[in-house]
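Taking it in order: structure first as C-alpha cells, then the write-up.
We name chains A, B, ... by the order of the sequence lines, and we start the count at 1 in each one. On a predicted model such as this, the values are computed, not experimentally measured, just so you know.
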Amino acid sequence: MNYELIISLPKNKIMLQVSYIRENREQVLERLAVKNFKQPELVDEVIGLDESRRKTQNNLDGVSAESNAAAKKIGELMRTGNKEEAESIKAKTGAWKEEIKQLGDKLAAIEAELQQKLVLLPNLPHSSVPKGLTPEDNEVVLENGEKPNLPANALPHWELAAKYNLIDFELGVKITGAGFPVYKNKGAKLQRALINYFIDEAEKAGYSEVSVPLMVNEASAFGTGQLPDKEGQMYFVGLDNFYLIPTAEVPVTNIYRDVILKVDELPVKHCGHTPCFRREAGSYGAHVRGLNRLHQFDKVEIVQVAHPDKSYEVLEQMSQHVQGLLQKLGLPYRVLRLCGGDMGFASALTYDMETWSAAQQRWLEVSSVSNFETFQSNRLKLRFRNAEGKTQLAHTLNGSALALPRIVATLLENNQTEDGIKIPEVLVPYTKFDLIS
RNA sequence: GGUGAGGUGCCUGAGAGGCCGAAAGGAUCAGUUUGCUAAACUGACGUACGGGAAACUGUACCGAGGGUUCGAAUCCCUCCCUCACCGCCA
C-alpha cells in the first residue's frame with residue numbers, strides 16, 4: 001500500500017477526530033499503552049501538526065477573504081464603468097495570489113502529513129479492556145456447555161472428513177492451493193444448512209439480510225479500517241484495483257459510507273452471508289490443519305450501526321445472539337474479552353467466542369464481536385442527526401454469527417459416535433438428515 | 001472491447017465567467033387552517049474546517065486533480081465514475 005492512494009481519497013474528509021486527541025492527550029496515551037501501541041510519539045506529532053494546520057488555515061482564510069472582497073469590488077467597478085479604479089485594485093492582487101498559493105500548498109502538505117499519521121493510530125480500547133500482549137492475557141468472561149468425553153479412538157475432523165467423504169483438501173490444492181477445500185456430499189449440505197440456519201436466526205433477531213459484492217474498492221477497504229493496517233492480508237485484484245473481502249463487514253458497513261441517518265433509523269441491523277478471503281500470510285503448521293485456518297471460508301455476519309449511547313448495550317446483545325447460536329447447536333464454548341495486545345486495530349472492545357474442539361483438545365475461535373465506536377464511522381463519514389439537529393458520528397459494530405469451518409470442525413469432532421456423526425436437532429430441518437454415516 | 005451522453009444540494013432539475021452555496025419543483029421538518037384524512041398557506045431546510053461564551057462570522061466544496069482569469073459550477077487539460085446502444089456472455 002502506498003499512502004498516496006489513501007490521501008487521494010475523497011477530499012473534504014472529516015479530520016479523523018484530532019480535536020479529541022488534542023483535548024485528551026494524557027488519556028489517549030494511556031489508552032494506546034493498553035494496546036501496546038509502538039509509536040506513542042505519533043500523538044504529539046499529530047497534535048503539533050494540527051496546531052500548525054489550524055494556524056495556516058487561519059492565515060489562508062484571512063488572505064482569501066481580502067482577495068475575494070477585492071475581486072468582488074472589481075466586478076462592481078467594471079459594471080459601473082469605473083475602469084481606472086478597477087485596474088488599480090487589480091494591480092494589488094498579485095501579492096495575494098502568490099500568498100494564497102503558498103499558504104494553500106503549505107496547508108495541503110500539512111494535511112497530508114497529518115492524515116498519514118492519523119491513519120496509523122489504532123482505535124482506543126474501552127476502559128474494560130485488560131492489559132496484555134498475547135492471547136494468554138485475554139480474559140475468560142464465561143464458559144458454557146459440557147465438554148464431551150470422547151473415546152480414546154476419537155478422530156480429529158480432518159480424518160472424519162476423509163472417513164465420511166465430506167471434505168477433500170487435496171482436491172482444493174489441485175484446483176487452487178492449500179486452504180481452499182472442496183466440500184462434498186453431506187459436507188457440502190451441512191455447510192449450506194448452517195448458512196441458512198444462521199441467516200434465519202439473524203432475521204428472527206431483527207437483522208435484515210443483504211447480499212453484497214465480494215470485491216471492494218479501496219475507499220471501502222479504508223472505510224472499515226482494513227487499509228492501511230491489513231494491506232498484506234487481503235487478496236488484491238490488481239487489474240481493477242479491487243480487494244477480495246476478508247469479511248462481509250467491509251461491504252455491509254460500507255453501505256453506509258457517506259450517509260447521514262436520521263436518529264430514528266438507528267439502530268441499523270443487517271446480516272449477510274459471504275465467502276471470506278484471507279491470505280493468512282505467515283501462519284502455517286500443525287495448528288492450521290484441516291479446517292482450522294483457511295484462505296477461503298463462509299461466514300454469516302451481523303452488523304449494526306448504533307447510537308453512541310447504546311452501542312455497548314448493542315454489543316452485549318450481539319454477544320448474546322452469538323452465544324444463543326452456540327447453545328442451540330449444543331457446542332461447549334467460552335467467551336473471551338480480548339486484551340489490548342490481541343485485539344484488532346479498529347476495535348474498542350472485542351469478544352471472541354471459542355468452541356471446544358474435543359478431538360483436538362483445544363479452543364477454536366468461531367466468532368469475534370466488536371464495537372468500533374467511531375473509528376470506522378469517522379473514516380466512513382457515517383453520521384446521524386442528533387436531537388439538537390447536529391451531525392454526529394454513529395457507532396458501528398459487527399460480529400460473526402457464525403464462521404462456518406470451525407463450527408463444522410467442532411460439530412464433526414464433538415458429535416462423533418460409533419454410528420456416525422449426529423446432526424444437532426435445530427439443523428435437521430435444514431440438512432434433511434440427522435446422521436452422517 | 002467499440003461508440004455516444006452525462007456527473008450540480010435528500011431527489012428531479014436550471015444555471016453557460018462577477019448579482020451563485022447555487023433558481024424552480026418535489027420530499028422532509030415546524031407552524032396556521034381543518035371534525036378526521038386530504039388539500040392549502042407560512043416559515044425552515046447542505047457539508048466540512050477555522051474564529052467567537054454566544055448571537056454570529058471567515059474559508060472551502062457543483063465527480064477528482066491541475067490550468068487560464070482580478071474573479072470559475074460556468075472556459076481549457078488530465079483522470080475517475082455512471083448511463084445508453086452495439087459486440088461478447090452467466
Side-chain angles (χ1 to χ4, degrees), chain A residues 2-23 46-47 49-115 118 211 213-222 238-242 254-265 268 374 377-394:
Chain A
N2 57 60
Y3 292 115
E4 261 172 69
L5 286 167
I6 283 178
I7 55 183
S8 75
L9 286 166
K11 221 178 161 194
N12 147 44
K13 65 239 153 192
I14 293 173
M15 267 299 157
L16 296 164
Q17 300 247 288
V18 198
S19 55
Y20 182 84
I21 296 172
R22 187 169 71 217
E23 286 155 25
V46 159
I47 292 173
L49 282 165
D50 180 55
E51 187 65 35
S52 44
R53 181 193 118 248
R54 286 185 297 155
K55 208 167 124 204
T56 307
Q57 191 187 329
N58 221 330
N59 291 342
L60 175 61
D61 285 359
V63 183
S64 298
E66 278 186 82
S67 167
N68 285 349
K72 206 165 200 175
K73 184 82 181 173
I74 291 169
E76 270 167 40
L77 292 169
M78 298 291 257
R79 231 171 305 119
T80 54
N82 198 340
K83 284 226 171 124
E84 253 178 59
E85 205 180 336
E87 287 303 327
S88 84
I89 296 176
K90 255 196 215 184
K92 289 193 272 183
T93 58
W96 285 325
K97 231 181 151 178
E98 185 56 31
E99 206 176 344
I100 287 170
K101 174 107 178 73
Q102 274 183 14
L103 286 169
D105 288 349
K106 188 176 166 195
L107 185 63
I110 292 170
E111 284 188 347
E113 202 184 340
L114 182 56
Q115 278 296 314
L118 277 171
S211 181
L214 306 182
M215 290 188 249
V216 296
N217 58 31
E218 190 180 329
S220 293
F222 175 78
L239 209 52
D240 292 289
N241 276 5
F242 293 151
N254 269 280
I255 292 173
Y256 296 95
R257 173 152 48 88
D258 290 319
V259 167
I260 300 175
L261 293 161
K262 297 191 182 112
V263 69
D264 58 13
E265 290 177 288
V268 171
T374 58
S377 58
N378 196 10
R379 296 171 172 229
L380 293 161
K381 289 191 268 166
L382 163 47
R383 290 157 288 171
F384 68 98
R385 209 168 288 286
N386 64 22
E388 291 86 57
K390 300 254 194 214
T391 59
Q392 187 181 342
L393 293 170

### Query
Does the salt bridge (Lys or Arg N to Asp or Glu O under 4.0 Å) test come out yes or no for A/K90 and A/E87, once each step is laid out?
CA-CA 5 Å; A/K90 255 196 215 184; A/E87 287 303 327; 3.7 Å; yes
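- One P atom belongs to B/G52, the other to B/U47, and the distance between them is 22 Å to the nearest Å.
- Taking atom CH2 on A/W96 and atom C1' on B/U59, their separation rounds to 16 Å, with Å as the unit.
- Rounded to whole angstrom, the span from the CD1 atom of A/I89 across to the P atom of B/G18 amounts to 19 Å.
- B/A16: no Watson-Crick or G-U partner with both key distances under 3.5 Å is found in any strand.
- When distances are taken from the side chain of A/N58 to each of B/C49, B/G18, B/G51, the shortest belongs to B/G51.
- Remark: B/G46 base-pairs with B/C61; criterion is Watson-Crick or G-U wobble with both hydrogen-bond distances under 3.5 Å.
- A/F242 and A/N217 make their closest contact through CD2-CA, 4.2 Å (heavy atoms, listed as atom of the first residue, atom of the second, distance).
- A gap of 30 Å separates the C1' atoms of B/U12 and B/C86, to the nearest Å.
- Of the nucleotides present, none pairs with B/A53 by Watson-Crick or G-U wobble criteria with both distances under 3.5 Å.
- Going from atom NZ of A/K55 over to atom C1' of B/G51 covers 16 Å, rounded to whole Å.
- Using a 4.0 Å cut-off, no side-chain N or O of A/R54 falls inside it from OP1 or OP2 of B/C49.
- The nearest whole Å value for the distance from the CG atom in A/D258 to the P atom in B/G46 is 18 Å.
- For the residue pair A/Q102 and A/D105, no side-chain donor N or O sits within less than 3.5 Å of a side-chain acceptor on the partner.
- We find that CD1 of A/I260 is positioned 11 Å from P of B/C11, with the value rounded to whole Å.
- Side-chain contact annotation: A/S64 with A/D61, donor-acceptor N/O pair under 3.5 Å absent.
- When both pairing distances are held under 3.5 Å, B/C10 makes a Watson-Crick or G-U pair with B/G26.
- Side-chain proximity of A/Q57 to the nucleotides B/G18, B/C49, B/U69 is greatest for B/C49.
- Residue A/T391 places none of its side-chain N or O atoms closer than 4.0 Å to OP1 or OP2 of B/U47.
- The P atoms of B/C62 and B/A23 are separated by 15 Å, rounded to the nearest whole Å.
- From A/S67, atom OG reaches atom NZ of A/K72 across 12.5 Å, with rounding to the nearest 0.5 Å.
- Across all strands shown, B/C36 has no partner, as no Watson-Crick or G-U wobble contact with both distances under 3.5 Å is found.
- The partner of B/G4 is B/C83, judged by Watson-Crick or G-U wobble contacts that both fall below 3.5 Å.
- We find that NZ of A/K390 is positioned 18 Å from P of B/A44, with the value rounded to whole Å.
- The partner of B/G31, taking Watson-Crick or G-U wobble pairs whose two distances both stay under 3.5 Å, is B/C41.
- Closest approach of A/V259 and A/I255 over heavy atoms only: CG2-O, 4.0 Å.
- Residue A/N68 has a polar side-chain atom (N or O) positioned under 4.0 Å from OP1 or OP2 of B/U59.
- When the nearest nucleotides of RNA chain B are assigned to A/Q392 and A/S67 by heavy-atom distance, the more 5′-ward of the two goes with A/Q392.
- Toward the 5' end of RNA chain B, the nearer of the two residues A/T93 and A/E76, judged by each one's closest nucleotide, is A/E76.
- When the nucleotides B/C70, B/C49, B/U59 are ranked by their closest atom to the side chain of A/D61, B/U59 comes out on top.
- Across the C1' atoms, B/C76 and B/U69 are found 12 Å apart, a figure rounded to whole Å.
- Nucleotides B/G31 and B/C45, compared at atom C1', are 15 Å apart to the nearest Å.
- Between B/A60, B/C49, B/G18, one nucleotide has an atom nearer to the side chain of A/R53 than all others, and that is B/C49.
- Annotation for A/E23: atom CD counts as buried by contact number, over 12 foreign heavy atoms lying within 6.0 Å.
- B/U47 atom P lies 14 Å from atom CZ of A/F384, rounded to whole Å.
- In this structure, A/R385 reaches the B/U47 phosphate: one of its side-chain N or O atoms is under 4.0 Å from OP1 or OP2.
- Looking at the side chain of A/R22, the nearest of the listed nucleotides B/U47, B/G67, B/G50 is B/G50.
- Taking atom P in both B/U42 and B/A27, one finds a spacing of 15 Å when rounded to whole Å.
- As rounded to the nearest Å, B/A72 and B/A22 have C1' atoms that lie 13 Å from one another.
- B/A24 and B/A14 are spaced 15 Å apart, taking the P atom of each and rounding to whole Å.
- Nucleic acid contact for A/A70: none, since no nucleic acid atom lies under 4.0 Å from a heavy atom of the residue.
- Note that the OG1 atom of A/T56 and the CG atom of A/L103 stand 7.0 Å from one another [nearest 0.5 Å].
- Protein atom CG of A/L261 is 13 Å distant from nucleotide atom P of B/C10, rounded to whole Å.
- Remark: B/A90 base-pairs with no nucleotide in the shown strands. Criterion, Watson-Crick or G-U wobble with two distances under 3.5 Å.
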